[in-house]
Amino acid sequence: MQLTLTNKEITNAKPFLKWAGGKTQLLEDLEKRLPQQIIADRIIENYVEPFVGGGAMFFYLKKNFNVKSAYLFDINPELVLGYTTIKKSNKELIRILHDMENEYLSKNVTDRSVYFYQVRNSYNEEDKQFDYKKYSDKWIERTAKLIFLNKTCFNGLFRQNSKGEFNVPFGKYKNPTICDENNITEVSRALKGVSIICGDFGKTSRYIQKGTLVYLDPPYRPLNNTSSFTDYSKDGFGDEEQKRLAMFYKKMDKKGAYLILSNSDPKNENPNDNFFDELYRGYNINRVRANRMINCQAEGRGYISELIITNY
């Protein structure tokens with residue numbers, strides 16, 4: 001049973017992981033395009049997010065609106081594990097992270113690198129027999145490793161290879177915040193009464209009805225062959241999946257849900273690429289300016305346009 005959240009329970013939570021493709025810089029543009037009734041009343045009766053990722057949009061809505069019920073989905077079991085652990089065992093997680101942070105910061109750069117790869121190897125090795133269905137203390141330990149790796153790896157990425165192994169190398173940050181106690185506490189509060197489910201976006205259909213606000217933020221379609229950071233899970237998300245998502249969008253539109261979707265704009269690279277314009281023909285396609293935050297080449301970073309597509 002979902003708990004009704006009052007304005008007193010609105011939190012200041014923000015994403016607990018640094019996430020490639022995170023929506024922090026698009027939040028104001030997204031809010032402007034929310035249904036007028038939601039903007040006026042500051043109330044969201046039912047919210048569904050099929051690709052929660054770092055959760056920037058969800059946490060923003062929880063801070064600025066009265067979200068009465070929410071269902072957060074992601075196909076990546078590591079993310080679901082992290083959200084679930086913070087919701088259930090934030091104090092125990094904070095204790096472990098404090099210990100890891102103290103140990104890490106007491107070391108020189110060489111020893112920090114050794115420690116990082118020890119944690120990464122342990123994280124990848126235990127994945128082979130980890131139980132992602134039954135909650136236990138091992139979930140807390142694994143979430144601590146996930147957050148540690150995210151805060152200390154190169155560029156703060158989450159990336160998996162085809163075997164499902166975390167493969168981002170060591171990052172040489174001088175004084176990383178590994179245990180953000182205040183934010184973990186706020187995230188736990190924000191997740192009170194929220195359903196967190198591991199699964200494909202298609203499984204969200206049963207939680208969506210007329211008036212439900214649905215924010216769809218799939219792994220972005222790469223702008224070119226060198227900018228693919230879509231491997232947040234080992235399954236990937238190619239053009240066929242984008243087409244399947246567009247079909248899902250149309251089905252949820254017929255249910256009377258409020259749909260808002262973001263994606264990369266192919267026209268940044270090729271003005272004649274109408275991939276999304278054709279997929280979402282008949283809907284409201286807006287192009288907004290965003291900063292390309294992640295690119296392996298410095299000259300490939302800068303302002304680009306991104307798509308925000310609504311059915312209202």
Side-chain angles (χ1 to χ4, degrees), residues 1-15 22-74 83 186-187 189-197 201-218 245-263 265 276-277 279-290 305-312:
M1 182 178 71
Q2 293 298 304
L3 299 178
T4 299
L5 304 178
T6 67
N7 286 320
K8 292 181 180 180
E9 291 169 318
I10 289 175
T11 75
N12 290 312
K14 60 182 185 293
K23 289 298 159 296
T24 300
Q25 61 178 313
L26 282 183
L27 292 174
E28 290 185 5
D29 286 305
L30 289 167
E31 181 179 10
K32 291 175 186 175
R33 289 166 175 81
L34 291 174
Q36 287 301 312
Q37 193 64 46
I38 288 177
I39 293 175
D41 296 342
R42 315 305 290 180
I43 295 173
I44 299 171
E45 293 290 342
N46 188 42
Y47 178 71
V48 175
E49 192 165 342
F51 306 89
V52 67
M57 181 64 162
F58 167 72
F59 294 126
Y60 184 82
L61 293 176
K62 282 301 297 280
K63 180 178 180 179
N64 294 284
F65 296 82
N66 181 6
V67 183
K68 291 191 173 182
S69 69
Y71 299 87
L72 306 181
F73 279 74
D74 206 281
Y83 279 100
E186 287 295 300
V187 169
R189 289 183 60 225
L191 294 172
K192 182 180 179 182
V194 173
S195 296
I196 306 161
I197 304 166
F201 66 84
K203 293 183 178 179
T204 66
S205 176
R206 62 180 292 193
Y207 303 96
I208 298 170
Q209 55 266 343
K210 184 177 180 180
T212 296
L213 176 64
V214 184
Y215 174 51
L216 299 141
D217 181 35
L245 178 60
M247 293 298 296
F248 175 83
Y249 190 101
K250 293 172 184 176
K251 289 179 181 177
M252 297 307 102
D253 176 40
K254 291 179 180 178
K255 278 191 171 189
Y258 295 118
L259 306 172
I260 183 166
L261 178 144
S262 53
N263 215 311
D265 184 3
F276 289 115
D277 295 81
L279 275 185
Y280 292 95
R281 187 183 302 277
Y283 296 109
N284 299 310
I285 301 176
N286 300 278
R287 287 176 162 86
V288 299
R289 195 166 99 144
S305 71
E306 294 194 3
L307 302 175
I308 297 179
I309 303 171
T310 61
N311 69 330
Y312 49 85

With sequence neighbours excluded, what pairs up with [X] under the side chain to side chain contact (heavy atoms under 4.5 Å, CB included) test?
X      : answer
Asp29  : Leu26, Lys32, Arg33, Val288, Ile308
Asp253 : Leu259, Tyr283, Asn311
Ile39  : Leu34, Gln36, Arg42

If we ignore angles and hydrogens, is there a donor and acceptor under 3.5 Å between the side chains of Ser262 and Tyr215? yes
According to side-chain hydrogen bond (donor to acceptor under 3.5 Å, both in side chains), who are the partners of [X], at least two apart in sequence or on a separate chain?
X      : result
Asn46  : Ser69, Thr212
Asp41  : Gln37
Tyr207 : none

Residues passing the salt bridge (Lys or Arg N to Asp or Glu O under 4.0 Å) test with Asp217, sequence neighbours excluded, are Lys23
Salt bridge (Lys or Arg N to Asp or Glu O under 4.0 Å) filter on Arg289, not counting sequence neighbours, yields none
Can you list the residues that meet the ring pair (Phe, Tyr, Trp, His ring centres under 6.0 Å) rule with [X], with sequence neighbours excluded?
X      : value
Tyr83  : Phe16
Phe51  : Phe201, Phe237
Phe276 : none

For residues 49-61, the side-chain hydrogen bond (donor to acceptor under 3.5 Å, both in side chains) pairs (sequence neighbours left out) are Glu31-Tyr60, Tyr47-Glu49
With a cut-off of 6.0 Å (strictly less than), are more than 12 heavy atoms of other residues, nucleotides or ligands near CD of Gln209?
yes
The side-chain contact (heavy atoms from CB on, under 4.5 Å) partner of Leu213 among Leu61, Val67, Ile208 is Leu61
